[in-house]
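All values below were derived from every heavy atom in this structure, side-chain atoms included, with hydrogens, water molecules and symmetry-related copies excluded. When a residue number appears, it is its place in the shown sequence, counting from 1. Here the structure is a predicted model, which is why all the values come from computation and not from measurement.
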Amino acid sequence: MRAVILAGGKGTRLAPYTTVFPKPLIPVRDTPILEIVIRQLREHGFHDIILSVGYLARLMKTYFGDGSHLGVNLTYSMEERPLGTAGPLSLVSLSEEPTLVMNGDLLTTLDYGDFYRYHCQMGPALTIGLYPRRVKIDLGVLKTNGGGEIVEYVEKPEFEHQVSMGIYVIDPSVHTLIPYNQRLDFPELVARLLADGRRVIGYRFEGYWLDIGRPDDYERACAEFERLRPLFLREPIAPALVDNSAA
């Protein structure tokens with residue numbers, strides 16, 4: 001099975017950590033975010049992985065190399081300019097099989113293999129990982145009728161929404177709707193698929209998921225990864241490759 005990891009963004013929301021360091025290499029405790037993701041993918045049967053890179057790509061290539069020390073075949077697709085979340089897929093070689101696509105800054109216990117098999121079983125053009133997120137309005141919300149009269153007053157209500165996890169499985173046919181080397185985000189791609197009559201479905205997940213987008217998310221990730229480490233990585237972290245030739 002093949003996966004594409006989107007790792008080319010500047011991570012501006014996580015500044016100043018990302019000023020001189022690519023976001024996917026920022027360590028969660030003692031392990032880079034992206035290394036955790038790659039190890040999880042390998043555990044679930046994904047051994048052919050493409051990194052879509054751009055910002056400070058040379059640092060990621062130096063760290064990960066060809067992926068052999070992590071037990072995967074790792075190749076790179078280079079963005080010369082930002083192409084959004086779906087545009088980079090236009091630079092990736094086509095495959096005859098569905099491809100898992102995901103952001104490279106996620107901490108989750110999702111079973112990627114089960115997600116992929118669900119897509120293959122259901123046969124849509126695109127499957128989106130869905131996560132329940134409760135949103136609280138810290139104000140009183142008023143509902144009115146057409147005449148401006150108050151019909152309901154709700155103090156600090158909460159609403160639950162299904163949000164995108166930033167993890168997808170796409171059918172090869174989807175590539176026809178992604179223009180080559182042009183900016184395109186996944187919401188726009190979904191709109192194009194629906195307008196074209198293609199089938200888009202969701203995969204509901206209620207385990208652990210965290211989008212490491214802001215400094216407080218990063219601090220939370222570090223604390224919870226240490227506490228829940230066996231849930232994320234079921235094997236010890238291999239020591240970093242060290243050149244002992246000078247010893």
Atom pair CG (Leu210) and CE (Met165), whose distance is rounded to the nearest 0.5 Å: 10.5 Å
Close side-chain approach of Leu89 and Phe186, heavy atoms under 4.5 Å: yes
Stepwise side-chain hydrogen bond (donor to acceptor under 3.5 Å, both in side chains) check, Glu79 with Tyr55: CA-CA 8 Å; Glu79 292 180 64; Tyr55 179 65; over 6 Å; no
Side-chain heavy atoms of Pro157 within contact of Ile137, under 4.5 Å: yes
Residue of the set Val174, Val169, Leu126, Thr127 for which side chain to side chain contact (heavy atoms under 4.5 Å, CB included) holds with Pro98: Val169
Closest contact, heavy atoms only, Lys23 versus Asp105: NZ-OD2, 2.6 Å
salt_bridge(Asp217, Arg214) N-O dist < 4.0 Å: yes
Donor-acceptor contact below 3.5 Å, side chain Thr176 vs main chain Ser173: yes
Where Ala7 and Leu34 come nearest, the two heavy atoms and their spacing: CB-CD2, 4.4 Å
Steps toward side chain to side chain contact (heavy atoms under 4.5 Å, CB included) verdict (Met60, Leu25): CA-CA 7 Å; Met60 282 187 279; Leu25 283 184; 3.9 Å; yes
For the student: nearest non-hydrogen atoms of Ser52 and Pro88, plus distance: OG-CB, 3.3 Å
Check: Pro27 main-chain N/O paired with Tyr218 side-chain donor or acceptor under 3.5 Å: yes
Within one Ile-Leu-Val-Met-Phe-Trp-Tyr cluster: Leu189 and Leu6, side-chain cutoff 4.5 Å: yes
Flag, side chain of Thr109 to backbone of Gly207, donor-acceptor distance under 3.5 Å: no
Side chain Arg2, main chain Asp48, donor-acceptor under 3.5 Å: no
Under 3.5 Å: donor-acceptor pair, side chain of Asn145, backbone of Gly148: yes
Arg42 to Leu70 - nearest heavy-atom pair and separation: NH1-O, 2.7 Å
Distance, nearest 0.5 Å, that separates CZ of Arg134 from NE2 of His161: 9.5 Å
Derivation and outcome, salt bridge (Lys or Arg N to Asp or Glu O under 4.0 Å), residues Arg229 and Asp30: CA-CA 11 Å; Arg229 187 183 188 109; Asp30 58 355; 3.3 Å; yes
Salt-bridge present (Arg39, Glu35; N to O < 4.0 Å): yes
Stacked cation flag Lys61 on Tyr76, 6.0 angstrom / 45 deg: yes
Heavy-atom neighbours of Glu158 CD exceed 12 at 6.0 Å: yes
Shared hydrophobic cluster, Tyr168 / Tyr203 (ILVMFWY, side-chain heavy atoms < 4.5 Å): no
same_hphob_cluster(Leu100, Val4) at 4.5 Å side-chain heavy-atom cutoff: no
Heavy-atom pair of closest approach, residues Glu155 and Gly140: OE1-CA, 3.6 Å
Separation of Glu80 CD from Met78 CE (nearest 0.5 Å): 5.0 Å
Thr99 side chain vs Ile170 backbone, donor-acceptor pair below 3.5 Å: no
Flag for Tyr208-Glu224: side-chain donor and acceptor within less than 3.5 Å: yes
Non-hydrogen side-chain atoms of Leu83 and Asn181 separated by less than 4.5 Å: yes
Heavy-atom side-chain contact between Trp209 and Val163 under 4.5 Å: yes
Heavy-atom closest contact (Leu110 atom, Thr108 atom, distance): N-OG1, 3.1 Å
Short N-O contact, Asp138 and Lys156, less than 4.0 angstrom: no
Asn73 vs His47, side-chain hydrogen bond (donor to acceptor under 3.5 Å, both in side chains): CA-CA, chis, key distance, verdict: CA-CA 6 Å; Asn73 174 38; His47 293 92; over 6 Å; no
Under 3.5 Å: donor-acceptor pair, side chain of Glu188, backbone of Asp185: yes
Side-chain heavy atoms of Phe115 within contact of Arg117, under 4.5 Å: no
His44 vs Asp111 side-chain heavy atoms within contact, under 4.5 Å: yes
Side-chain heavy-atom pair His175, Ser90 within 4.5 angstrom cut-off: no
Side chain to side chain contact (heavy atoms under 4.5 Å, CB included) partner of Ile50, chosen from Val101, Ile5, Val92: Val92
Heavy-atom side-chain contact between Val72 and Leu41 under 4.5 Å: no
CD1 on Ile212 to CD on Glu219, rounded to 0.5 Å: 12.0 Å
Leu91-Leu177 co-clustered via ILVMFWY side chain contacts under 4.5 Å: no
Shared hydrophobic cluster for Leu139 and Phe159 (ILVMFWY, side-chain gaps under 4.5 Å): yes
Main-chain N/O of Phe232 paired to Gln40 side chain as donor or acceptor, under 3.5 Å: yes
Steps toward side chain to side chain contact (heavy atoms under 4.5 Å, CB included) verdict (Ile128, Leu130): CA-CA 6 Å; Ile128 305 174; Leu130 302 179; 4.2 Å; yes
Flag, side chain of Arg198 to backbone of Pro124, donor-acceptor distance under 3.5 Å: no
Chi angles and distances behind the side chain to side chain contact (heavy atoms under 4.5 Å, CB included) call for Val200, Leu194: CA-CA 7 Å; Val200 179; Leu194 296 177; 4.0 Å; yes
Trace of the side chain to side chain contact (heavy atoms under 4.5 Å, CB included) decision for Phe225 with Ile36: CA-CA 10 Å; Phe225 178 73; Ile36 295 171; 3.7 Å; yes
Check: Arg204 side chain, Gly129 main-chain N or O, donor-acceptor pair, under 3.5 Å: no
